[in-house]
There are 2 protein chains.
Amino acid sequence: MLIHSTRPKHAFQPTALRKFSIVPNETTDADVEIDSLDGLMHLVGAVASYPSRTEIVHEDEAGDRLYKVVSGTVCTYKILSDGRRQIGSFYLPGDVFGLEFLEGHNLAAETITNVKVLVMKKSALAALVKKSSAAASELFQLTARELTRAQNRVLLLSSKSAQERVVGFLFEMSKRSSGTGNRLELPMSRQDIADYLGLTIETVSRTLWALEHSGAIEISSRRRITFRDLSRLMRLQQ
Amino acid sequence: MLIHSTRPKHAFQPTALRKFSIVPNETTDADVEIDSLDGLMHLVGAVASYPSRTEIVHEDEAGDRLYKVVSGTVCTYKILSDGRRQIGSFYLPGDVFGLEFLEGHNLAAETITNVKVLVMKKSALAALVKKSSAAASELFQLTARELTRAQNRVLLLSSKSAQERVVGFLFEMSKRSSGTGNRLELPMSRQDIADYLGLTIETVSRTLWALEHSGAIEISSRRRITFRDLSRLMRLQQ
DNA sequence: CGTAACATTGAGGTCGGTCAACCCGCGTGG
DNA sequence: CCACGCGGGTTGACCGACCTCAATGTTACG
């Protein structure tokens with residue numbers, strides 16, 4: 001028997017750390033746009049690949065690196081003292097994470113799927129940013145947007161029912177993932193969703209079922225959801 | 001009879017907007033430190049005074065202003081469609097708010113006590129920041145710190161019991177307010193605390209009573225709390 | 001002193017957590 | 001081919017923490 005039985009059922013199960021490769025960044029050529037933040041990131045960053053369910057950043061790492069998701073999905077999380085896992089945020093392709101990492105206490109970061117990220121030292125980026133005020137302002141904008149998202153998250157979490165949270169989550173994901181109409185492909189498991197919303201896996205499951213039963217959504221497969229009745233969903237979201 | 005009875009008891013009661021004054025900033029003299037962010041803020045900002053319970057920023061304002069609290073306490077909030085009020089954050093002297101405001105949809109900001117704030121246009125600040133990379137990096141640090149706080153807030157809110165939330169709140173306030181040992185002066189009402197933690201006022205009240213009864217804290221007066229048993233409190237917080 | 005806003009206390013209902021069983025798809029191996 | 005285990009997901013029964021509604025206490029301030 002494993003730790004499995006000694007923890008609450010929804011506790012995070014650590015996954016074996018697998019090997020990963022950092023390959024020289026193929027896009028670091030002479031023709032990068034050094035006046036855009038993205039260009040700078042490609043200039044000073046290296047691409048790293050991680051398989052699914054691998055830890056990218058450890059909880060007490062220095063926090064001096066910045067990451068840009070190239071492909072796949074990443075989440076940041078923290079393990080609470082009682083074994084529960086709280087997910088800080090999900091990061092989809094194009095998103096940057098690591099901005100909120102300070103020295104000392106951190107969130108950890110883990111891959112949800114196979115992932116390619118662009119890694120760079122904050123100091124290296126900072127040095128370059130100093131020379132380009134356009135890039136500096138872009139970096140600031142990026143952080144401000146991340147802050148807005150965190151604030152919205154706070155609003156979503158506090159004082160919302162399970163249904164409101166789940167619907168809010170669906171909308172957030174729909175908005176963020178390269179929105180192809182009203183079909184939504186979720187990269188994360190029910191457990192991930194639960195840990196993100198501060199609910200249990202059972203409640204997420206029941207809530208989704210209720211939404212489907214009411215005709216608001218259709219659960220085509222476990223990871224695929226179609227919006228059926230937008231206005232009803234809007235109403236449920238507050 | 002007022003709207004009072006038609007709303008949930010914990011709903012936000014709008015307060016009459018009172019007059020306020022923007023006075024020329026007395027500190028805008030020749031000797032400001034233009035290479036520090038704070039110096040720049042004083043350079044381009046004006047001091048405004050607001051009485052208690054006044055709206056500073058309306059929910060659908062442009063969001064092009066930045067505010068630094070000089071004295072008093074401010075909160076940002078949102079009124080949900082069912083009348084509940086959700087507080088985004090509290091801001092104490094020295095704190096800066098408005099960073100997360102984007103055009104379009106915003107949080108509103110309201111004073112909790114009498115307040116003096118330093119107001120400035122983001123654009124004006126941005127122009128000055130361009131010339132001082134030290135100030136630019138300070139501004140970035142400031143935003144990053146705010147982001148970290150929002151993330152911690154997310155952790156506090158999701159999947160925590162009422163007791164954990166209240167204790168976490170007490171610790172947060174204790175850390176942030178010019179910490180004089182283990183005595184804590186709360187500027188906000190129970191209702192504000194409840195709206196911040198996503199609880200009801202009754203639950204906050206009962207939880208505080210339970211904490212006092214267990215000997216962890218002492219409620220000297222409504223707004224004054226003394227920590228009696230730090231280690232017990234730490235244990236309750238997760 | 002009187003009033004209104006704020007806060008506490010009590011009784012009862014409800015939503016979501018807990019625990020447990022079950023389902024389903026998938027890979028493995030006999 | 002089926003048996004089996006395994007992980008993720010769903011479903012059901014029960015229970016407790018927190019919300020709701022209502023009454024009562026207390027503080028602040030004219």
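All values below were derived from every heavy atom in this structure, side-chain atoms included, with hydrogens, water molecules and symmetry-related copies excluded. Order of the sequence lines sets the chain letters (A, B, ...), proteins ahead of strands, with each chain counted from 1.
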Check: Where along residues 220-227 of chain B does a heavy atom fall under 4.0 Å from DNA chain C?
Finding: R222(B), R223(B)

Note to self: How many whole angstroms separate atom CD1 of I201(A) from atom C1' of dG16(C)?
What the structure shows: 15 Å

Margin query: Rounded to whole Å, how long is the line connecting atom CZ of R206(A) with atom P of dG17(C)?
Written below: 9 Å

Next item on the list: Take atom CG of L208(B) and atom C1' of dT26(D), then tell me their distance rounded to the nearest Å.
Entry: 16 Å

Notebook entry, point to check: Given atom CD of E202(A) and atom C1' of dG12(D), what is their separation to the nearest angstrom?
Noted result: 11 Å

Margin query: Once hydrogens and angles are ignored, does a donor-acceptor distance under 3.5 Å link the base of dT18(C) to the side chain of R84(A)?
Written below: no

Check: Is E212(A) paired with R232(A) through a side-chain N to carboxylate O contact shorter than 4.0 Å?
Finding: no

Set out, line by line, the N/O atom pairs under 3.5 Å between protein and nucleotides 16-18 of chain D.
unit_1  : atom_1 : unit_2  : atom_2 : d
dC18(D) : OP1    : A162(B) : N      : 2.7

Next item on the list: Using atom types as modelled and distance alone, determine if a side-chain donor or acceptor of R153(A) lies under 3.5 Å from a backbone N or O of G88(A).
Entry: yes

Margin query: Can you classify the ring geometry of Y91(A) versus F97(A) as parallel (below 30°), tilted (30 to 60°) or perpendicular (above 60°)?
Written below: tilted

Notebook entry, point to check: Does a side-chain heavy-atom distance below 4.5 Å link L170(B) with L208(B)?
Noted result: yes

Notebook entry, point to check: Any idea how F90(A) and Y196(A) line up, ring-wise: parallel (<30°), tilted (30 to 60°), or perpendicular (>60°)?
Noted result: tilted

Item checked: R190(B) (side chain) and dT27(D) (base): donor-acceptor pair under 3.5 Å -> no

Notebook entry, point to check: Does a salt bridge link D38(B) with K68(B), judged by any charged N lying under 4.0 Å from a carboxylate O?
Noted result: yes

Margin query: Is there, by distance only and without an angle test, a donor paired with an acceptor across the side chain of R165(A) and the base of dG16(C) below 3.5 Å?
Written below: no

Check: Just how far, in rounded Å, is C1' of dA5(C) from CZ of R53(B)?
Finding: 11 Å

Margin query: Regarding T207(B) and Q163(B), do their side chains bring together a donor and an acceptor under 3.5 Å, going by distance alone?
Written below: no

Checklist line | Donor + acceptor pair across side chains of E164(B), Q237(B) (<3.5 Å) | finding: no

Next item on the list: Would you mind reporting whether L199(B) and V166(B) have side-chain heavy atoms less than 4.5 Å apart?
Entry: yes

